[in-house]
Amino acid sequence: MNKLRTALAAALGLAALATAPVQAAAQPAFLAASQMPPSSTPWTATQVFTGVPENGGVLCAPYKIPAQNTRYREFSTELDTNGVQVTNVARTEADAVKLVDTLRRALAGCGPLLEQQNPGLQAVSASHGKLAVEEGAWVYSLDTADPQIGISDIHLFSVGRDGRTVTLVRWGQMGDLGDAPLTAFRTTTKTAVNKLH
């Protein structure tokens with residue numbers, strides 16, 4: 001009888017496990033303000049929000065990142081240097097690969113597209129290679145100048161993936177590529193991808 005009770009209890013325990021709700025996977029972690037490239041004034045970071053930023057994503061890739069299963073954090077300094085990290089957990093790893101490819105194409109072709117959309121604007125996109133972290137990360141820059149206004153801006157972007165999770169990081173400020181902390185941004189990108197899981 002004791003053996004029967006033990007077997008019954010074990011069966012009931014297994015049944016309870018089978019019907020218990022699946023625990024939600026841990027959400028990907030985000031960069032802290034201190035992990036952005038060094039700046040002459042301290043970085044501050046917002047809380048992590050659900051969805052995508054108001055512009056639908058980031059410059060060069062608006063509306064490429066689906067709002068579902070996406071979160072983001074924005075960064076800023078007192079000197080108008082700013083940034084954002086957007087992270088999406090795709091349904092499958094194949095979907096994550098497709099999203100990375102879509103974002104990479106958008107970033108690589110950003111300069112010519114912006115010039116087409118904004119006559120008079122000078123915009124140059126450049127690729128700065130792949131980083132060896134998890135399933136890989138890719139770094140790009142966008143150098144823009146508006147001769148009519150006399151303003152130039154430089155942005156650095158990266159797209160990285162860990163399994164089903166894709167993250168995009170942007171850094172930007174006034175200036176040109178020579179003013180950009182490219183080496184430090186690579187470090188920030190590696191940190192961002194390593195923190196995902």
Side-chain angles (χ1 to χ4, degrees), residues 30-46 49 52-65 72-88 99-133 136-161 166-195:
F30 277 72
L31 289 165
S34 61
Q35 292 169 323
M36 291 294 282
S39 176
S40 57
T41 58
W43 285 94
T44 58
T46 66
F49 298 101
V52 294
E54 286 185 9
N55 65 354
V58 295
L59 184 67
C60 295
Y63 312 110
K64 302 292 185 186
I65 303 175
Y72 70 96
R73 166 175 277 173
E74 296 176 317
F75 304 89
S76 61
T77 73
E78 294 177 3
L79 295 179
D80 292 329
T81 305
N82 58 81
V84 66
Q85 181 183 8
V86 185
T87 297
N88 172 266
L99 179 56
V100 168
D101 289 344
T102 296
L103 292 171
R104 289 186 61 202
R105 283 194 301 270
L107 294 172
C110 184
L113 179 62
L114 289 179
E115 287 185 338
Q116 181 182 347
Q117 295 173 341
N118 304 274
L121 183 71
Q122 299 170 359
V124 178
S125 295
S127 171
H128 299 280
K130 181 179 180 181
L131 303 177
V133 55
W138 293 262
V139 178
Y140 299 86
S141 65
L142 173 69
D143 206 336
T144 60
D146 190 331
Q148 293 182 344
I149 304 176
I151 293 178
S152 61
D153 293 296
I154 179 66
H155 295 273
L156 300 177
F157 302 89
S158 60
V159 180
R161 181 173 71 87
V166 176
T167 193
L168 185 151
V169 180
R170 179 187 64 78
W171 170 98
Q173 70 174 24
M174 292 180 63
D176 55 32
L177 187 56
D179 302 314
L182 190 55
T183 299
F185 185 74
R186 290 189 175 104
T187 300
T188 293
T189 296
K190 287 184 177 181
T191 302
V193 176
N194 277 323
K195 289 186 74 169

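Predicted model only: the values in this text are computed from it and were never measured. For this chain, numbers begin at 1 and follow the sequence in order.
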**Request:** Given side-chain contact (heavy atoms from CB on, under 4.5 Å), test Ile154 with Trp171 step by step and report yes or no.
**Result:** CA-CA 8 Å; Ile154 179 66; Trp171 170 98; 3.9 Å; yes
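When every heavy atom of Phe30 is checked against every heavy atom of Tyr72, the shortest pair comes out as CE2-CA, 3.7 Å. Closest approach of Gly83 to Met36, counting heavy atoms only: CA-CE, 4.2 Å. In terms of heavy-atom proximity, Pro147 sits nearest to Gln122 at CG-NE2, 3.6 Å. Residue Leu103 comes nearest to Lys64 through the heavy atom pair CD2-CB, 3.7 Å, listed as atom of the first residue, atom of the second, then distance. In plain terms, the two heavy atoms of Pro38 and Trp43 that are nearest each other are C-NE1, 4.4 Å. Here the closest heavy-atom approach between residue Pro53 and residue Glu74 is recorded as CB-OE2, 4.4 Å.
Between the OG atom of Ser158 and the CG atom of Leu131 there is a distance of 7.5 Å, given to the nearest 0.5 Å.
A distance-only check finds a donor-acceptor pair linking the side chain of Asn194 to the backbone of Lys190 [under 3.5 Å]. Checked by atom type and distance alone, the side chain of Ser125 pairs as donor or acceptor with a backbone atom of Gly111 at under 3.5 Å. Gln117 places no side-chain N or O within donor-acceptor distance of the main-chain N or O of Leu114, the cut-off being under 3.5 Å.
Remark: Arg161 pairs with Glu93 by the salt bridge (charged side-chain N to carboxylate O under 4.0 Å, His left out) rule, at least two apart or across chains.
Taking 4.5 Å as the limit, some side-chain heavy atom of Phe157 sits within range of a side-chain heavy atom of Leu142. Residues Leu31 and Val169 meet the side-chain proximity criterion, which asks for heavy atoms closer than 4.5 Å.
Residue pairs that meet the side-chain hydrogen bond (donor to acceptor under 3.5 Å, both in side chains) test with at least one member in residues 77-88, sequence neighbours left out, are Thr70-Asn88, Thr81-Gln173, Asn82-Arg170, Gln85-Thr167, Thr87-Thr167.
When only modelled atom types and interatomic distance are considered, Ser141 and His155 share no side-chain donor-acceptor pair under 3.5 Å.
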